[in-house]
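So you know, we letter chains A, B, ... as the sequences are listed, proteins then strands, and number each from 1.
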2 protein chains.
Amino acid sequence: MTAPTHPTHPRRSDATRAAILRAARERFAADGYERATIRAIAADARIDPSMVMRYYGSKEGLFAAAAEFDLRLPDLAAVSPEQLGEVLVRHFLARWEGDETLVALLRAASTNPGATERMRSIFADQLTAAVAAFGTDPALTARRAGLVASQVLGLALTRYIVRLPPMVDMDPEELVSWIAPTLQRYLTGLSPT
Amino acid sequence: MTAPTHPTHPRRSDATRAAILRAARERFAADGYERATIRAIAADARIDPSMVMRYYGSKEGLFAAAAEFDLRLPDLAAVSPEQLGEVLVRHFLARWEGDETLVALLRAASTNPGATERMRSIFADQLTAAVAAFGTDPALTARRAGLVASQVLGLALTRYIVRLPPMVDMDPEELVSWIAPTLQRYLTGLSPT
DNA sequence: AGCGTTTGCCAACACTTGTTGGCAACAGTC
DNA sequence: GACTGTTGCCAACAAGTGTTGGCAAACGCT
């Protein structure tokens, strides 16, 4: 993260930039876009609010930087076809739990148009590409990816945002065994038409 | 809605109250809790912002009134067991499309603690009760309901909030035929443990 | 008609928000 | 050591927020 886009000289303020980004992700994840104030983020990072503006231009710019995200989906073509569902749930669960960026993005996506758009493109681009990679009927690929997204995002919503007790209490393995067959069918099941 | 709790005299301002409530639901559904301002809601309802305060006490109070919601779940004990999934998806789809209250609630649930709590209780109470009504292993009831909620809320999130193209484009019947088997298994499938 | 109550609007309050400009301290270079 | 650019903070702004109190008109009742 905060990788210099070009072989530019490392800046003396890189530590500050990173601190801002870390605080921003925490606040956005905990409070959503509008309730997370620049002042609060700056206080967490122990710097002045004006620094946030200098380094990230605006609140929108800060969010864009903090919500940079890659699903890091594995190559599904290399997975044995009957294990696709299981591999995917495991991967998503690990990704949600290990990085609060996605929670921040999901919280913000409900109210902030920019975040909505990013969420949409992440799942429309990255997930659709991964689903296309193991090649079923191209006409169905987008729909399969959309259905997978609906279950995976629903899992995240109920477990990390709404915190429905049963969804919070189940351990990852139980979730995998319940949900994997769902994704498996969405990915490889016959079109029900 | 806005039903007089007691046999009190109908008030001359009932029309205004209803207009406020209608405008509030629209704004909350479109913008979420924090971006929906009392001034904007009042403007939509063509009255002064101070009226909102007089009739609903506070913004939180207004939201609480606007987000009053009943899932109106059918009696699942009266449904033939192999059709549970299908009946449920149909019911939820109709409920989402016909009433923007749930969309308002879902949008707000990501950022507003009160809305989160209400969402949680709606699905924890109403849905769990419906699932319990056709009586499987009580130890699994809450988990089954939670899983159903995860898929149903994921459907709503991707279709009405994030607006993932494939989820928006599919017509209700196709969604039903894809998703019904998922709910069916969550409701009646064997515990995978 | 005269009464108290209800409905509505206006103006203002106290506060928070994102954002800006200026100014001191510091680093590194010639 | 002087010069240039960077890093940081302070103070302030303009705009928008939820919320409040008071006042005029309309209403419903006797």
Side-chain angles (χ1 to χ4, degrees), chain A residues 2 4-6 8-25 27-28 30-67 104 107-108 111-115, chain B residues 2 4-24 27-28 30-67 104 107-108 111-115:
Chain A
T2 331
T5 54
H6 282 298
T8 169
H9 303 275
R11 277 164 300 195
R12 192 155 36 100
S13 59
D14 280 350
T16 306
R17 295 178 130 89
I20 294 175
L21 225 47
R22 184 154 21 95
R25 269 192 270 262
R27 285 282 178 180
F28 283 134
D31 300 339
Y33 183 82
E34 11 273 333
R35 295 172 92 102
T37 72
I38 291 202
R39 283 172 161 87
I41 293 169
D44 287 358
R46 279 179 234 284
I47 43 94
D48 190 88
S50 62
M51 307 299 297
V52 178
M53 303 303 297
R54 187 177 298 171
Y55 291 143
Y56 294 97
S58 68
K59 190 182 181 182
E60 284 280 353
L62 171 63
F63 180 80
R107 262 238 167 70
T111 52
N112 183 263
Chain B
T2 331
T5 52
H6 282 299
T8 168
H9 303 276
R11 276 164 301 195
R12 191 159 33 102
S13 59
D14 280 349
T16 305
R17 296 178 129 89
I20 294 175
L21 225 47
R22 185 154 21 95
R27 285 282 178 179
F28 283 134
D31 300 337
Y33 183 81
E34 12 272 333
R35 294 173 91 102
T37 72
I38 290 202
R39 283 172 161 88
I41 292 169
D44 288 357
R46 281 180 232 284
I47 44 94
D48 191 88
S50 61
M51 306 299 296
V52 178
M53 303 303 296
R54 186 177 299 171
Y55 291 144
Y56 293 97
S58 68
K59 190 182 181 182
E60 284 280 352
L62 172 62
F63 180 81
R107 261 238 167 69
T111 51
N112 182 264

With heavy atoms under 4.0 Å as the rule, sort T16(A) into base, sugar-phosphate or nothing. sugar-phosphate

Tell me: [atom1] of [X] to [atom2] of [N], nearest whole Å?
X	N	atom1	atom2	value
I41(B)	dT19(D)	CD1	P	11 Å
D14(A)	dT6(D)	CG	P	13 Å
R54(A)	dT6(D)	CZ	P	10 Å
Y56(B)	dT19(D)	OH	C1'	18 Å
M53(A)	dA14(D)	CE	C1'	14 Å

Under 4.0 Å from a heavy atom of chain B: give me the 5'-most and 3'-most nucleotides of DNA chain C that qualify. dT6(C) to dA12(C)

At their closest point, which heavy atom of A23(A) faces which heavy atom of I41(A), and how far apart are they? CB-O, 3.6 Å

For D31(A) versus T111(B), what's the shortest heavy-atom pair and its separation? O-CG2, 4.0 Å

Select from R39(B) and I47(B) the residue whose nearest nucleotide in DNA chain C is closer to the 5' end of that strand. I47(B)

Pick the nucleotide of DNA chain C nearest each of G57(A) and T37(A); which residue has the one closer to the 5' end? T37(A)

Heavy-atom check, side chain of N112(A) versus side chain of R35(B), under 4.5 Å: yes

Are any of the side-chain heavy atoms of I20(B) and D44(B) separated by less than 4.5 Å? no

5'-most contact on DNA chain D: R35(B) or S50(A), nearest heavy atom basis? S50(A)

Kindly compute the distance separating CZ (R39(A)) from CZ (R27(A)), expressed to the nearest 0.5 Å. 13.5 Å

Using the six-membered ring wherever Trp is involved, compare the ring planes of Y33(A) and F28(A) and label them parallel, tilted or perpendicular (cut-offs 30° and 60°). parallel

